[in-house]
Amino acid sequence: MDYFLTYTLYVIILTVLMGVSTWKLFQKLGYSPLLAFVPFYNYYIVQKESGQPRWWVVLAYLPIVGPIMMTVFHLNLMKEFGKTLFQQKLMTVFLPFIYMAVVNYSKDAERWTEEDLYLTDDEKNAGKKDSFLGSVTFAVVFATIIHVFFTQPFGIPTGSMERTLLVGDFLFVNKLNYGYRMPMRPLAIPFLQGTIIDTGEKGNPKDDPKSYAEAVKLPYLRLPGWEKPQRNDIVVFNYPDDSVHVAIDRKDPYVKRLVAQPGDLMEFRAGKLFINGKPEVRMGDAQVQHAYEVLTSSQLDISSLYNVYGFLPVQEQRTDSGFYYRFQGLTDQTAKEIKSLPQVVNMVEAVEPQGKKDISYYPDIQKSIEQQQLVFSDKINTSSTIFPNNKNWNVDWYGPLRIPKKGDVLKLTPENLPEYRKLIVQHEGNTLAEKNGKITINGHETDTYTVKYDYYMMVGDNRDASLDARFFGYVPETHIVGKPMFTWLSIEGLFSDAGSTYQAPGKKVRWDRMFKAANTGELHKTSYWWLAVLVLVLFFGWDYFAKLFRKKDNDA
């Protein structure tokens with residue numbers, strides 16, 4: 001169903017519930033009971049009669065923000081009828097239409113006036129607390145509007161984009177560049193992505209409570225932006241293979257570099273990326289890394305190397321002839337400098353052999369228990385297996401693979417179904433079956449399919465330590481969140497690396513990365529610290545300056 005048609009249906013349902021549960025109360029406020037059934041205007045009346053800002057009504061039906069504002073309006077209405085006890089407020093918040101209906105249809109519901117109120121000191125203090133809570137609520141609403149509709153903070157817990165973006169970097173992501181994607185789960189707890197808290201088995205998000213209502217859903221819709229995703233952009237998107245969250249906008253956010261656009265031909269040869277048959281053209285900020293294996297005659301001083309190069313995730317093993325190291329990711333320049341160290345006997349880039357297939361299987365839990373050792377089943381773990389899983393490809397020898405674009409007519413065969421099944425079923429919402437060499441889509445036999453969306457390939461700059469499109473496949477335009485703007489905070493050592501023998505020694509703020517632009521394509525990025533200071537001064541100093549000017553006006 002069309003987005004706006006579906007959204008209108010939700011508004012009508014909410015408006016009917018509001019009308020049915022409050023029409024008598026509106027009559028007692030001196031208005032026609034029919035006005036309780038008029039969207040926006042019913043809340044305008046509530047705000048007017050309760051002496052609260054009336055312009056807040058424009059926020060009444062916005063996704064995610066709307067439920068917060070409706071709660072405020074309902075509390076204001078109940079306050080007009082003397083329902084100010086804690087338990088009454090609690091009922092209004094969690095069972096609004098039921099509790100308001102109880103008040104609405106009760107015989108003793110009368111509007112309270114100032115003459116009815118003989119306030120004690122405790123009640124006056126409670127009134128001050130309400131004013132404070134109102135200020136806090138509006139601050140939360142304002143922050144939610146920014147978070148939902150304009151820019152969203154995003155932290156980097158893994159090293160897939162090292163050294164371009166570092167583990168512990170926190171970014172602000174612009175949601176408008178590529179066109180704003182309307183929320184698909186409008187009833188949600190602000191600031192939470194997928195789950196609320198880990199309440200069950202540790203590390204298993206499937207049993208954790210979700211931060212949104214799955215039943216209240218809207219279709220995909222993206223408003224026009226001022227640019228399209230381009231090759232070499234750093235992009236934040238929702239992880240396509242998230243098995244916990246069906247809602248696209250609630251899947252885990254990932255950040256990678258867009259290396260191939262719709263219609264491009266992508267290929268890796270011995271770990272080197274080729275686009276349309278030519279070596280990739282790197283931006284100035286693309287510090288591409290690869291894994292290296294190093295043999296040394298004596299132990300390396302990793303702490304000293306850390307001080308020079310920053311955190312270098314590495315595995316160390318002692319051998320009969322010295323030491324073996326596997327560095328998770330080194331740039332060409334860093335690899336050259338480490339190779340020149342006097343202890344280094346041999347150093348080679350870790351490249352998987354051509355034709356070797358990267359494939360992973362789920363553990364067989366029952367057999368593992370019986371045999372007291374880890375046993376794998378024959379069920380493929382697609383999240384850790386090279387896409388598509390019918391090719392003898394790996395991270396270093398991959399492709400060539402053509403990236404689908406909107407309007408492409410795909411010729412379908414049993415052989416290429418693994419390449420397009422996820423696109424047709426998971427990303428574009430069709431049913432697909434294959435039997436005796438015949439393919440049916442949505443119940444109709446066919447050997448072609450017309451693509452509905454543009455698709456992209458997202459790959460990490462740290463090529464051998466990145467769960468990226470080589471594993472989860474095409475990223476549809478529906479999953480794109482936005483474009484990182486700048487790093488607003490960077491903390492070294494905040495996240496540990498389970499794949500490294502050495503860890504960052506403690507936590508410290510990387511002041512040199514604060515407020516630097518994240519997506520300019522330049523190696524030496526501009527810092528916007530002055531803009532951050534200006535925003536903070538305006539945000540925290542606005543009330544002070546407003547009071548100062550009011551005082552001058554009163555003195556005059």
> Is Lys508 atom NZ crowded by more than 12 heavy atoms from other residues, nucleotides or ligands, each under 6.0 Å away?
Replying inline: no

inquiry  = With a 4.0 Å cut-off on N to O distance, would you call Glu492 and Arg513 a salt bridge?
reply    = no

inquiry  = Under 4.0 Å between a side-chain nitrogen and a carboxylate oxygen: does that hold for Glu477 and Lys406?
reply    = no

_Other residues, nucleotides, ligands: >12 heavy atoms within 6.0 Å of Lys405 NZ_ = no

*Can you find a side-chain donor-acceptor pair between Tyr455 and His427 that sits under 3.5 Å?*
no

Would Glu280 and Arg463 pass as an ion pair if we require N to O under 4.0 Å? yes

- Item | Trp511 atom CH2, over 12 foreign heavy atoms within 6.0 Å | no

- Are Asp241 and Lys422 within salt-bridge range, i.e. N to O under 4.0 Å? yes

Expected output: side-chain Ser500 to main-chain Val314 donor-acceptor under 3.5 Å: yes

| request: Could you verify whether a donor N or O on one side chain and an acceptor N or O on the other, from Tyr309 and Gln333, lie under 3.5 Å apart? | output: no

Original post:
Regarding Asp301 and Ser304, is there a side-chain donor-to-acceptor distance under 3.5 Å anywhere?
Top reply: yes

message = Tell me whether the NZ or CZ atom of Arg269 lies within the 45° cone about the ring axis of Phe274 and under 6.0 Å from its centre.
response = yes

Residues Arg257 and Ala286: closest non-hydrogen pair is NH2-CA, 3.4 Å

Notebook entry, point to check: According to the interplanar angle, ranging from 0 to 90°, do the rings of Phe237 and Tyr254 count as parallel (below 30°), tilted (30 to 60°) or perpendicular (above 60°)?
Noted result: tilted

*asked:* What I want to check is whether the side chains of Tyr324 and Arg326 have a donor and an acceptor closer together than 3.5 Å.
replied: no

Compute whether any side-chain donor of one residue and acceptor of the other, for Glu316 and Tyr502, lie under 3.5 angstrom apart.
yes

Only residue of Asp264, Asn276, Asp408 satisfying side-chain hydrogen bond (donor to acceptor under 3.5 Å, both in side chains) with Arg402 is Asp408

Notebook entry, point to check: Phe486 vs Phe172 aromatic rings, parallel, tilted or perpendicular, using cut-offs 30° and 60°?
Noted result: perpendicular

- prompt: Is the shortest side-chain N to carboxylate O distance from Asp169 to Arg510 below 4.0 Å?
  reply: yes

